[in-house]
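Inspection log for the structure reproduced underneath, given as structure tokens.
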Amino acid sequence: MKAPALIALALPALIAGCASGPSAEEQAAMAADARKASGALIQKLGGELKAAVAASGPEGAIGVCKERAPQIAAEVSKQFGFDVKRVSPKNRNPAGVPDAWEAEAQAGLEKRMAAGEKPETLDTWQIVSTAEGKQFRYAKALPVQPLCLSCHGDPAAIPDAVKARLAVEYPHDKATGYAAGMVRGIVSVKRAL
Ligand code: HEC
């Protein structure tokens with residue numbers, strides 16, 4: 001009669017766990033994992049982007065962003081067991097529209113950056129309650145670097161060939177007019193709990 005005794009012991013702990021959500025340690029571990037996941041996406045995509053720009057110029061690298069960004073996001077999501085993507089209030093990818101939490105998270109990160117925090121390490125996370133249950137949410141700022149400007153900078157400074165390609169691929173593009181140091185968007189990491 002060992003099994004029922006075990007269940008009797010485990011059940012209250014399970015119920016308590018459900019009611020209160022993850023412990024402080026579990027939350028910190030998830031945040032550390034989310035940091036790793038967003039770092040993996042940024043490193044992989046950034047590396048491929050730089051290589052493509054060097055090999056075939058910014059207009060040739062647009063394809064890398066279009067095809068590889070969603071693929072890499074899907075790979076990282078699978079690897080870390082999160083839902084990982086990039087979003088921006090001025091989105092280029094039609095699927096890149098932020099939800100309410102993401103929009104608020106980016107606005108908060110922009111404020112912290114304006115107050116002097118280093119953009120490279122700027123992130124935030126939270127456990128939120130939704131109609132579908134509790135979720136872990138995480139956002140990491142994507143600051144604009146000089147490399148980004150040929151595709152996201154002032155339209156007057158974007159090469160004509162890039163503008164032409166963007167007009168064909170992204171007729172509803174909002175993602176230009178940025179200057180170095182602005183927050184271009186966030187890596188958004190989500191997990192249902
Ligand atoms: C070669 C052109 C090019 C360069 C350089 C480039 N991007 Fe993009 N970016 C794109 C394209 C094309 C998309 C749309 C495809 C996608 O990622 O879904 C995009 C999408 C994004 C998105 C997703 C949200 C949205 O608007 O759809 C973010 C965030 C982003 N870029 C940030 C950056 C940052 C930060 C840099 C510099 C480190 C950068 N990009 C450099 C072309 C570029």
Side-chain angles (χ1 to χ4, degrees), residues 34-35 37-78 82-114 117-125 137-190:
R35 245 171 228 142
S38 60
L41 171 84
I42 291 167
Q43 214 179 9
K44 186 103 190 21
L45 181 57
E48 291 195 19
L49 185 63
K50 270 189 204 122
V53 170
S56 46
E59 75 273 19
I62 289 171
V64 168
C65 290
K66 190 174 165 82
E67 270 110 53
R68 289 296 291 149
Q71 280 171 6
I72 293 170
E75 283 161 23
V76 170
S77 297
K78 203 168 156 204
F82 286 117
D83 177 7
V84 184
K85 58 179 178 171
R86 299 187 306 165
V87 295
S88 169
K90 281 173 44 147
N91 59 303
R92 173 163 292 165
N93 182 334
V97 181
D99 66 17
W101 189 88
E102 288 161 340
E104 209 175 301
Q106 178 165 338
L109 294 173
E110 280 170 355
K111 269 199 200 115
R112 282 167 50 193
M113 194 152 105
E117 270 190 64
K118 272 205 299 200
E120 308 85 62
T121 49
L122 209 50
D123 64 2
T124 187
W125 58 272
R137 305 290 312 254
Y138 169 90
K140 172 159 182 59
L142 290 169
V144 174
Q145 303 161 27
L147 167 76
C148 320
L149 295 177
S150 52
C151 296
H152 294 296
D154 189 318
I158 298 178
D160 286 342
V162 173
K163 265 192 275 205
R165 181 84 195 267
L166 288 176
V168 172
E169 305 271 5
Y170 302 96
H172 305 294
D173 186 20
K174 297 189 212 132
T176 59
Y178 287 89
M182 292 170 82
V183 178
R184 168 66 187 90
I186 56 167
V187 179
S188 173
V189 176
K190 183 162 93 172

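For ligands, and for the atoms within them, numbers begin at 1 and follow the listed sequence. These numbers were taken from a predicted model, which means no experiment stands behind them. Counting begins at 1 with the first residue of the sequence.
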(request) Measure from the side-chain N and O atoms of Arg92 to the backbone N and O of Cys151, and report whether any donor-acceptor pair falls under 3.5 Å. (result) yes

(message) Does ligand 1 come near enough to Asn91 that some N or O of the ligand is less than 3.5 Å from an N or O of the residue?
(response)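 Between Asn91 and ligand 1, no N or O pair is found under 3.5 Å apart.
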
(message) Would Arg86 count as a polar contact of ligand 1, with the cut-off being nitrogen or oxygen pairs under 3.5 Å?
(response) yes

(message) According to salt bridge (Lys or Arg N to Asp or Glu O under 4.0 Å), who are the partners of Lys66, at least two apart in sequence or on a separate chain?
(response) Glu169

Could you identify the single nearest non-hydrogen protein atom to [atom] and state the distance to 0.1 Å?
atom                    : value
atom 5 (C) of ligand 1  : Leu147 O, 3.4 Å
atom 15 (C) of ligand 1 : Tyr170 OH, 3.3 Å
atom 27 (O) of ligand 1 : Asn93 N, 2.7 Å
atom 29 (C) of ligand 1 : Leu142 CD1, 3.5 Å

(message) Exactly one of Arg35, Lys118, Lys140 should register a salt bridge (charged side-chain N to carboxylate O under 4.0 Å, His left out) with Asp123. Which one does?
(response)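 When salt bridge (charged side-chain N to carboxylate O under 4.0 Å, His left out) is applied between Asp123 and each of Arg35, Lys118, Lys140, only Arg35 qualifies.
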
(request) Under 4.0 Å from a heavy atom of Pro58: give me the atoms of ligand 1 that qualify, with their elements. (result) 1 (C)

(message) I want to check something: taking the side chain as every heavy atom from C-beta on, are Cys148 and Tyr178 in contact at a cut-off of under 4.5 Å?
(response) no

(message) Using side-chain heavy atoms (C-beta onward) and a distance below 4.5 Å, is Val183 in contact with Leu109?
(response) no

(message) I need the single residue from Lys85, Gln106, Glu102 that forms a side-chain hydrogen bond (donor to acceptor under 3.5 Å, both in side chains) with Ser188. Which is it?
(response)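 That would be Glu102; it is the only one of Lys85, Gln106, Glu102 passing the side-chain hydrogen bond (donor to acceptor under 3.5 Å, both in side chains) with Ser188.
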
(message) With side-chain contact (heavy atoms from CB on, under 4.5 Å) as the test, pick out the partner of Leu149 among Asp154, Thr176, Val144.
(response)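 Option passing the side-chain contact (heavy atoms from CB on, under 4.5 Å) with Leu149: Val144.
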
(request) Answer with yes or no whether Val144 contacts ligand 1, where contact means a heavy atom under 4.0 Å from a ligand atom. (result)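 Contact absent.
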
(request) Measure the distances from the heavy atoms of Pro70 to every atom of ligand 1 and state whether one is below 4.0 angstrom. (result)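 Contact check Pro70 vs ligand 1: negative.
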
(request) Indicate, as side chain, backbone, both or neither, the part of Pro143 found under 4.0 angstrom from ligand 1 when only non-hydrogen atoms are considered. (result)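 Looking at Pro143 and ligand 1, just backbone atoms fall under 4.0 Å.
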
(request) Run the salt-bridge test on Arg137 and Asp99 with the 4.0 Å N-O cut-off and return the result as yes or no. (result) yes

(request) Could you tell me whether Arg112 and Glu117 have a side-chain N and a carboxylate O separated by less than 4.0 Å? (result)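 Yes, this pair counts.
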
(request) Search all heavy atoms of Tyr170 against all heavy atoms of Ile62 and return the closest pair with its distance. (result) CE1-CG2, 4.4 Å

(message) Return all protein N, O or S atoms below 2.8 Å from atom 8 (Fe) of ligand 1, chain by chain in residue order.
(response) His152 NE2

(message) I'd like to know whether CD of Gln43 has more than 12 heavy-atom contacts from other residues, nucleotides or ligands below 6.0 angstrom.
(response)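 At most 12 heavy atoms, drawn from other residues, nucleotides or ligands, come within 6.0 Å of this atom.
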
